[in-house]
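Structure record follows, encoded as structure tokens.
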Amino acid sequence: MSHDRGFALLVVLWSLGFLALIGMHVLLVGRHAAQATLAEQAEVAAELAADGALSERLYDLATRGAPALTSGYGWVVSSNVGILVRTRMRIEQGLVNPNKVGPVFLEALLEERGISKAAAARATAAIMIGTERGDLTAVSGLGQRARLLMCRSGQGAMHGSIQTLDDLAAFPMVGPRIAAAIENVLSFAEMDDPLPGAAGPVVRRALAHASIPVPPRSGLAVEGALLIVEAQVERGGVRIRRHAEVIFAGDASMQPWHVVRWETVPVKSD
């Protein structure tokens with residue numbers, strides 16, 4: 001009888017332990033699902049806050065015109081009450097798209113940013129070859145050793161458009177240092193040559209260096225211009241950045257811009 005009671009007690013204890021294990025597993029799964037839901041809700045809220053900040057900056061531009069464009073491309077704090085929201089906006093005029101400009105101007109631009117003539121020639125050749133717009137013999141100052149190095153590095157296999165600063169820095173004859181030297185005058189979205197009247201001092205000097213006529217500075221023309229607008233939201237452990245490329249059209253009745261691209265992009269330290 002005592003053996004039966006002991007076995008029954010063992011079965012009960014084993015059952016209770018098994019039930020407790022199942023209960024703990026259910027609790028942990030539920031807690032993980034709840035945390036995942038809260039994190040997803042926080043990201044959605046941050047994205048909505050970022051999109052709202054972007055729209056606010058664009059409507060401000062529609063109301064005030066060019067004065068709403070702050071100088072440079074620095075961040076402006078839109079809100080800092082419980083959630084940090086920063087925005088920045090840049091008009092893509094007077095900037096340089098390395099996929100579009102010719103070798104003479106690009107080489108002059110690099111030299112204006114403090115790159116030596118030889119290094120500027122090598123970097124320009126790499127970009128021309130990489131974007132299928134030229135050959136190594138078209139760039140001045142490029143020696144035989146540099147030509148051989150470019151061929152051996154597989155540069156000819158990198159054909160295609162340059163979409164980001166990292167793409168530009170990946171070219172063997174360019175690298176991070178040269179890419180960073182011209183970062184603040186680059187636009188990978190601009191489809192035309194830099195507009196001289198809206199260009200900054202560096203681009204205007206490079207145009208003159210390349211013997212390209214430089215008219216008097218005329219300022220920014222907002223109508224029909226391509227705009228880059230970004231918003232970054234930080235709340236607790238959530239950080240999200242939204243990037244928009246829009247064509248501004250001030251005469252539109254409801255929304256005075258046409259969206260070219262609107263997406264979430266990786267958060268960087270800038």
Side-chain angles (χ1 to χ4, degrees), residues 22-92 95 97 161-170 183-184 186-191 222-270:
I22 293 176
M24 182 63 69
H25 176 72
V26 172
L27 179 63
L28 290 175
V29 170
R31 182 179 179 183
H32 178 74
Q35 289 176 339
T37 300
L38 289 174
E40 184 176 347
Q41 289 176 346
E43 288 188 5
V44 170
E47 184 174 305
L48 289 174
D51 287 354
L54 289 179
S55 297
E56 184 179 351
R57 285 298 301 272
L58 289 168
Y59 275 115
D60 185 43
L61 179 63
T63 303
R64 296 171 54 203
L69 289 164
T70 57
S71 59
Y73 193 40
W75 291 103
V76 176
V77 176
S78 300
S79 173
N80 199 15
V81 181
I83 179 171
L84 177 61
V85 182
R86 300 183 297 162
T87 59
R88 63 183 182 181
M89 180 164 54
R90 181 175 74 179
I91 190 168
E92 298 290 278
L95 299 176
N97 187 337
S161 63
I162 303 169
Q163 299 293 331
T164 66
L165 191 70
D166 290 338
D167 291 344
L168 181 63
E183 177 181 7
N184 63 341
L186 292 181
S187 166
F188 301 106
E190 180 60 70
M191 291 294 102
V222 176
E223 293 294 327
L226 177 66
L227 292 166
I228 303 296
V229 193
E230 288 192 330
Q232 183 163 306
V233 173
E234 299 179 26
R235 182 181 183 182
V238 177
R239 300 178 68 201
I240 190 170
R241 180 179 295 187
R242 295 282 280 169
H243 172 94
E245 297 176 10
V246 301
I247 302 293
F248 195 79
D251 58 348
S253 57
M254 295 297 291
Q255 179 174 292
W257 62 84
H258 171 70
V259 177
V260 178
R261 179 181 300 170
W262 199 304
E263 62 186 349
T264 300
V265 296
V267 177
K268 298 181 180 179
S269 58
D270 53 352

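Please read all numbers here as calculations on a predicted model, not as lab measurements. Values below: every heavy atom of this structure, side chains too, minus hydrogens, waters and symmetry copies. One is the number of the first residue; the rest follow in order along the sequence.
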Looking at every heavy atom in both [X] and [Y], which two are closest together, and how far apart are they?
X: E245; Y: I228; value: CG-CD1, 3.3 Å
X: R86; Y: W75; value: O-CZ3, 3.5 Å
X: L186; Y: R90; value: O-NH2, 3.3 Å
X: A231; Y: A53; value: CB-CB, 4.3 Å
X: L58; Y: V229; value: CD2-CG2, 3.7 Å
X: V233; Y: I83; value: CG1-CD1, 3.3 Å

Kindly compute the distance separating [atom1] ([X]) from [atom2] ([Y]), expressed to the nearest 0.5 Å.
X: H258; Y: L227; atom1: NE2; atom2: CG; answer: 13.0 Å
X: R242; Y: E47; atom1: CZ; atom2: CD; answer: 4.0 Å
X: L226; Y: W257; atom1: CG; atom2: CH2; answer: 14.5 Å
X: D167; Y: T164; atom1: CG; atom2: OG1; answer: 3.5 Å
X: R235; Y: E43; atom1: CZ; atom2: CD; answer: 13.0 Å

Quiz item: Would a distance-only check, ignoring hydrogens and angles, find a side-chain to backbone donor-acceptor pair under 3.5 Å from D51 to L48?
Solution: no
Quiz item: Given side chains that start at C-beta, do those of R57 and V76 come closer than 4.5 Å, heavy atoms only?
Solution: yes
Quiz item: Within a strict 4.5 Å, meaning less than it, do heavy atoms of the L54 and W262 side chains meet?
Solution: yes
Quiz item: If we ignore angles and hydrogens, is there a donor and acceptor under 3.5 Å between the side chains of E230 and H243?
Solution: yes
